[in-house]
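Comments concern the structure below.
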Amino acid sequence: MIQSFKMALKSIAGNKLRSFLTMLGIIIGVMALVILVSLVSGATGSVTDSIFSLGSNLLTVTISDDKGAPINLQTLNEWMEKDGIGLIAPSGETSATARYEGNSGSVTVYGTTPPYETINGLSLLLGRFIKSSDVDNHTNVAVINETAATELIGYTDCIGEEVSLDGVKFTVVGLLEDDEKSLTAVFGRGSVVAYIPYTSLMRLSSEATSNITSFSVSAETDMATAEAAVTSLLMERFDQDDDAFTVSSRDMLEDAMSDVTSVLMILLGSIAGISLIVGGIGIMNIMLVTVTERTREIGIRKAIGAGRGVILQQFLLESVVLCMFGCAIGVFLSWAVLRIISVVVSSLSISFSLEWNVVLIAVGFCFLIGIVFGLYPANKAAKMEPVEALRYGG
Amino acid sequence: MIDLKNVSRVYQVGSGKVYALNKATLHIDAGEFVSIVGPSGSGKSTLMNIIGCLDIADSGTYLLDGIPIEDYTETELAKIRNRKIGFVFQSFNLIDKLTAEENVELPLIYRGVGKAERKARVAEVLERVGLTKWSHHLPTELSGGQQQRVAIARAIVTKPSLILGDEPTGNLDSKTTGEIMEIFRELHEQGNTIMLITHDQEIAEQASRIIHIRDGVLSEVSI
Ligand SMILES: Nc1ncnc2c1ncn2[C@@H]1O[C@H](COP(=O)(O)OP(=O)(O)O)[C@@H](O)[C@H]1O
Ligand SMILES: [Mg+2]
């Protein structure tokens, strides 16, 4: 066995360029498999993290059809008193142009009410969040995040500064910590954020009206009760039509996410698997050429006492070694590529590392390919008639 | 030790049949030195391949040391070739990628001999053919005579009971031919059974028995 292994290495080393070209298919297949799967799992890992950071006691309700019974701030206040429901905060969103002295930039503006801070777990660095009186009086106050402060104003100690949003002056009353793990932050956009009273947003943008179409809910005790309570309130209001609204929770997001990931993994895995099989066909092709070229050698080996099994083993081993070499090179290159990608996108705080279970799968698959695609050529070699083989080529 | 009875080997060529061997009957005792002489295409190699268990006769019986060869599977025949027979071919038939030493070692590997014993036996036979200095060279770095000596070393390393040479001096000049024949004579003196195929009457006469073959038919000439 050790001898056959040495012989296999020798014959692979004997024709380096050809061996390399043969392995190329396997190398590319392994790289496709390892890199793609590692990238997907790195990206989904951080998205899942950010879903996790949404907090577990949070439901998001979106209304698509109010059936002539729109929900307003008053409705939400009434619902907050119901059993099972903790806090409720509306959320309206628009995009505005912010100006401060000479600077200007695009900012995502959320209109909401005081409970939003607690429901979404925002952490305040300076000043205060929106108050009930701000909502009642349509006060033009804004709570901005660190990115907004540094990009627009230039420094974070900005309480009391006046910023204009689409030409309307707002006073900065609070500074929020950047939510680095939020979904939007992961994808690197919309990180300039300002929160203003919901009633002020209604004046700022025609997209927000007193009819609230989106709000978040926290649980009084547990999520399931809260979800049931909210759902029954909504069903009652919208004539038992469950198409009029959607209630989503972190669990549901996670489920959806993991569905998407597994589909993506299977898809990418099969593509990589197909390229590995193509690589295997390349191996088979070259092994057939090798067997033909070495017909005489096979004859000699048989004459001095190699049986079918020995010849079969020799060529099978050669194809497996070829595959495993390709696999090793592929894994090494994948590691290098993933390192480079990680450095290039280091600002995204996503870690792309070699997924060891994928590497194991790749190694196993390559081994299998070496055997499956080596079997036919090796069997062809083993079945040669010694006399015919010795006569070959003179 | 070799007992052929009415052995025939027929090749289908186009629509006709070629009798490479036609009802050959031959008995060779252990320790004999036999040469087979005949023109090209007369069936010499066919005879040697059958005796060497590389090929199977189409009809007739062949007993090697009393065992009927027809009854064996290919793997069993490989084992018999490995244990009982040493081949030396006209075109040397060494494996190019392996050194002289590795070529000689190969039959012992197939036999499952341990590493230490292999090394000792290889060194011994290489010394016997006078190639100790050349043991790490590849066949392409050796002269024809040297390559044939490696082939002889490979044939005798397993201590076979029968050494078969298919025109072993056919590709060599007369001086080297003399050296190679000297080795065969020595092997014979040490008690080996030897069968040589040759074109050359002078070489044939060094044997204790000469068998002529023509169109697959054997005839013995006593000397
Ligand atoms: N595989 C084969 N197919 C057809 N004819 C063959 C084959 N092998 C040998 N022969 C024929 O058998 C005869 C004997 O061949 P061979 O034993 O090689 O002769 P020699 O060794 O005496 O030159 C020749 O006529 C040759 O053409
Ligand atoms: Mg011949």
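All of these numbers come straight from a predicted model, not from anything done at the bench.
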Around [X], counting heavy atoms of other residues, nucleotides and ligands shown, do more than 12 lie under 6.0 Å from its [atom1]?
| X | atom1 | answer |
| --- | --- | --- |
| B:N6 | CG | yes |
| A:R18 | CZ | yes |
| B:K119 | NZ | yes |
| A:F20 | CZ | no |

At a 4.5 Å cut-off on heavy atoms, which part of A:K10 comes close to chain B: side chain, backbone, both, or neither?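 Contact with chain B is through the side chain of A:K10 alone.
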Which answer fits A:R294, side chain, backbone, both or neither, if we ask what part of it has an atom under 4.5 Å from a heavy atom of chain B?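 The side chain, not the backbone.
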If you check every heavy atom in residues 56-85 of chain B against those of chain A, which residues fall under 4.5 Å?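 The stretch touches chain A at B:E74, B:T75, B:A78, B:R81, B:N82.
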What's the separation between atom [atom1] in [X] and atom [atom2] in [Y], rounded to the nearest 0.5 Å?
| X | Y | atom1 | atom2 | answer |
| --- | --- | --- | --- | --- |
| B:L106 | A:I300 | CG | CD1 | 9.5 Å |
| A:I304 | B:I95 | CD1 | CD1 | 5.5 Å |
| B:D96 | A:E297 | CG | CD | 8.0 Å |

Are any of the side-chain nitrogens in B:E102 or A:K6 under 4.0 Å away from the carboxylate oxygens of its partner?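 Judged by the 4.0 Å cut-off on N to carboxylate O distance, B:E102 and A:K6 do not form a salt bridge.
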Residue part contacting chain A, namely of B:L54, when any heavy atom lies under 4.5 Å: both
Check whether B:N93 gets within reach of chain A through its side chain, its backbone, both or neither, counting any heavy atom under 4.5 Å.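 When you check distances to chain A, atoms from both the backbone and side chain of B:N93 fall under 4.5 Å.
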Look at A:G307, A:A306, A:P386, A:G309 and state which one has the largest set of heavy-atom pairs under 4.5 Å with chain B. A:A306
Out of B:F87, B:Y110, B:F89, return the one with the most heavy atom pairs under 4.5 angstrom to chain A.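 That would be B:Y110.
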